[in-house]
*Asks:* 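After the structure tokens below, expect a handful of questions from me.
Both backbone and side-chain heavy atoms feed into the values below; hydrogens, waters and symmetry mates do not.
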2 protein chains.
Amino acid sequence: MPATIRDVARACGVHVSTVSRTFSAPNLVNPETRSRVLAVAEQLGYRPNKAARALITGRTTNLGLIVADITNPYFPPMIKAAQSQARLHDHHVFVADTDENPAVEEELVRTLAAQVDGILLCSPRMVTRSLSALAQEVPIVVVNRSVDGIPAVLMDLASGARNAIDHLADLGHQHVAYVGGPAVSWTNRELRRAAVAAAKARGIRLHLLGPFPPNHAGGVAAASAVRETPATGVLAFNDIVAIGLLESLREAGVSVPGQISLIGVDDIPQAEIVRLTTIATPTDTAGRAAVDMLLARAAAGRRGGTPADQAAIADQWLPTTLVVRESTGPAPSTKRVPTARTGS
Amino acid sequence: MPATIRDVARACGVHVSTVSRTFSAPNLVNPETRSRVLAVAEQLGYRPNKAARALITGRTTNLGLIVADITNPYFPPMIKAAQSQARLHDHHVFVADTDENPAVEEELVRTLAAQVDGILLCSPRMVTRSLSALAQEVPIVVVNRSVDGIPAVLMDLASGARNAIDHLADLGHQHVAYVGGPAVSWTNRELRRAAVAAAKARGIRLHLLGPFPPNHAGGVAAASAVRETPATGVLAFNDIVAIGLLESLREAGVSVPGQISLIGVDDIPQAEIVRLTTIATPTDTAGRAAVDMLLARAAAGRRGGTPADQAAIADQWLPTTLVVRESTGPAPSTKRVPTARTGS
DNA sequence: GACTTTAATGCAAACGTTTGTGCTTCTGTC
DNA sequence: GACAGAAGCACAAACGTTTGCATTAAAGTC
């Protein structure tokens, strides 16, 4: 029913190859015929058939984007930015949710591989070995993870964590806890490493807690663990955990920031509502950058790849910023006594 | 490089059509050869080429999902559910964001139409005329909008609004304000209509305000409008507006629920954090139902459509529930004096 | 045992593009 | 005015499937 290239050719009295070139290589066709073809195509409502084009060129002008959980408020801004950037380059994007399941993640990459030009993996949960293997089959760019041989977009959490610890130290906190996320998380390792270094540099004591699940329940669970340490300052794996922690502490009668100061990571919208101090990560910039890298990577894979493409594939580090709100304040003057349960 | 149907055929000493049928119509091929083909295909890592398949069948096993703004916390649960339901039926889904722009929305449907089996429009902003026109070109299912001839998934906001008004009336509120959203919004019209009816039934006075933009700023703007009425209870277009309103009121020293009771719509995660009473809408159920309807609709469009498909295309109404939290309470005993600015 | 039915497979056209090759026609050069 | 080069276009093969039709072999019918 929809008009094909053949219909346009017939209506123009010209061969199909001429019509094809009018769209794919306009400079090879006489300007006069070109405009005639374009006019007829417009009038017939002709749209090139993507499937046919993909079949012969091997290119789909589609991208895949895989996240562990769309409802995690961290991801939507990234998805939005990626999708919009892709559209700017005439690409559409498949979005898939793995439900935090690495096996699903892997299978999703496999089934998507054949029908996209490349895949964006946001905070992938897969083991490194699988990731490397998949990267051989289809162009991949990862966000929030560093794997040898796979181009990545990364957040400079090291300086973020340093700023956070400095902020707490400046407020007089002597004991600080780090509430860790999943052990496999690159973000978690990065944060912890930097926090340890920064605490050492400032001569304050860092208590490493966790791992806790990176959700609200994890924050609730972490609350009691925190109270068993002498920490008056806390850096949590992410904002969701921090908010769970915050509510849990306040419910238990602990004043924030009166008795405990709290810092999260990501600056999700909820963080602003509860006035949480946090390390803001530029998720939208990450989404855009990742799409650009992926398109360059895909282009490089096809032809030899232009030098410009090659250059665009270098890992990219994005700056983070400490957003100070009302969940952090001066350390309490009298050292708080740990409320460790003293039962039998 | 990837194995084709021809490779499998050669390796099996069988014709390509037999291999093809092994996958698309297994019952037409001898069980013995079938298992042989499957084994070889497995071993060669054969995956059917979607583009080639789409080219000849016209089916893509892809769906499109279009929302106004992915970062609006209302949508991610719906996207997640839709995506997961689609995957259950071996479909992938393109997700696109229109940036609240009806023109983009329309163009997106057009460009997506050719490469999907159907499109899901979530709370579309487009004018009805365009919507109807597009529905001729590609199977469409809409969520949160009722358009003649287009299958829809709708929330029973009428009973939700009635419950909300009843709740306020039961608490003794005599004056209630409805803070309206965009005039074009179906949801807005539905809520207002039901609120008016319910207020009449309970003999309380309803003050219609707005339209306000359906975001945080809209809530802030609505705050002063509310305070110019004698209302002690408020039903807002959605939770985001309600939260903006809530913060704005409290900042101005108005106690919620002490002086004003507040009810939102949607039950987004933030609503729980700020303890907002709200009308919960089953967005994940909506996502799943919409995908089922869309697949049925697409199937019906292809063949004559089985009776089962036809039945599945009827509009579906989903129940809402009033979630009572701490933003609503008894009406203040002394009637609050409107704080209308009395300047010149 | 000649017949029809059924099951299983092969054959080849078709889907809508892209693209390498070859045929004209034109322009410019000496 | 013969010739090289270029510009513009047509021709046809190819991409990897699906599917109606033809063919063969096996099974059932009288």
*Asks:* To the nearest Å, give me how far apart CG (A/Asn49) and P (C/dT18) are.
*Replies:* 10 Å

*Asks:* Quick one: which of C/dT18, C/dA8, D/dA10 gets closest to the side chain of A/Ile56?
*Replies:*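 Nearest to the side-chain atoms of A/Ile56, counting from C-beta on, is C/dT18.
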
*Asks:* Does D/dG16 have OP1 or OP2 sitting under 4.0 Å from an N or O in the side chain of B/Arg6?
*Replies:* no

*Asks:* Using whole Å, what does the distance between atom P of nucleotide D/dT18 and atom CG of B/Leu55 come to?
*Replies:*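 One finds 11 Å between P of D/dT18 and CG of B/Leu55, rounded.
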
*Asks:* Would you mind reading off the distance between B/Leu28 atom CG and D/dG20 atom P, rounded to a whole angstrom?
*Replies:*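 After rounding, the reported distance stands at 11 Å.
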
*Asks:* For A/Arg36, is there an ion pair with A/Glu32 - N to carboxylate O distance below 4.0 angstrom?
*Replies:* no

*Asks:* If you pin A/Ala52 and B/Asn27 to their nearest nucleotides in DNA chain C, which one's is more 5'?
*Replies:* B/Asn27

*Asks:* So for B/Arg47 and D/dG16, does any side-chain atom that can act as donor or acceptor lie under 3.5 Å from a complementary atom in the base?
*Replies:* no

*Asks:* One thing to verify: whether A/Lys80 and B/Asp99 come together as a salt bridge, which I'm taking to mean a side-chain N less than 4.0 angstrom from a carboxylate O.
*Replies:* yes

*Asks:* Is there a side-chain contact (heavy atoms from CB on, under 4.5 Å) between A/Leu120 and A/Ile66 once you walk through the steps?
*Replies:* CA-CA 6 Å; A/Leu120 220 59; A/Ile66 299 181; over 6 Å; no

*Asks:* Is A/Ser17 close enough to D/dC11 that one of its side-chain N or O atoms is under 4.0 Å from OP1 or OP2 there?
*Replies:* no

*Asks:* Is there a side-chain contact between B/Phe94 and B/Gln115 in this structure, where contact means two heavy atoms from C-beta onward sitting under 4.5 Å apart?
*Replies:* yes

*Asks:* For the pair made of CD in B/Glu32 and C1' in C/dT9, what is the distance, rounded to whole Å?
*Replies:*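 Value for this atom pair: 14 Å.
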
*Asks:* What is the distance from NZ of A/Lys50 to C1' of C/dG16, rounded to the nearest Å?
*Replies:* 14 Å

*Asks:* Got a donor-acceptor pair under 3.5 Å from the side chain of A/Arg21 to the base of C/dG20?
*Replies:*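 For A/Arg21, whose side chain was compared with the base of C/dG20, there is a donor-acceptor pair (under 3.5 Å).
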
*Asks:* Nearest-Å distance, CG (A/Asn30) to P (C/dC26)?
*Replies:*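 So the CG-P distance, A/Asn30 to C/dC26, works out to 12 Å.
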
*Asks:* With nearest nucleotide decided by heavy atoms, which residue, B/Pro48 or A/Gly13, maps closer to the 5′ end of DNA chain D?
*Replies:*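 The residue closer to the strand's 5' end, by nearest nucleotide, is A/Gly13.
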
*Asks:* For B/Ile5 and D/dT18, give me the distance from atom CD1 to atom C1', rounded to whole Å.
*Replies:*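 Taking CD1 of B/Ile5 and C1' of D/dT18, I get 8 Å after rounding.
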
*Asks:* Would you say A/Ser20 places a side-chain N or O within less than 4.0 Å of OP1 or OP2 belonging to C/dT18?
*Replies:* yes

*Asks:* In chain order, what residues pass the salt bridge (Lys or Arg N to Asp or Glu O under 4.0 Å) check against A/Asp284, with sequence neighbours excluded?
*Replies:* none

*Asks:* B/Thr4 side chain N/O closer than 4.0 Å to the phosphate oxygens (OP1, OP2) of D/dC15?
*Replies:* no

*Asks:* Rounded to the nearest Å, what distance is computed from the NE2 atom of residue A/His15 to the C1' atom of nucleotide D/dA10?
*Replies:* 5 Å

*Asks:* Counting any heavy atom closer than 4.0 Å, what does B/Phe23 reach on the DNA or RNA strands: base, sugar-phosphate only, or nothing?
*Replies:*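 Result for B/Phe23 = nothing.
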
*Asks:* Are OP1 or OP2 of D/dC15 and a side-chain N or O of A/Thr57 less than 4.0 angstrom apart?
*Replies:*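 No, outside the criterion.
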
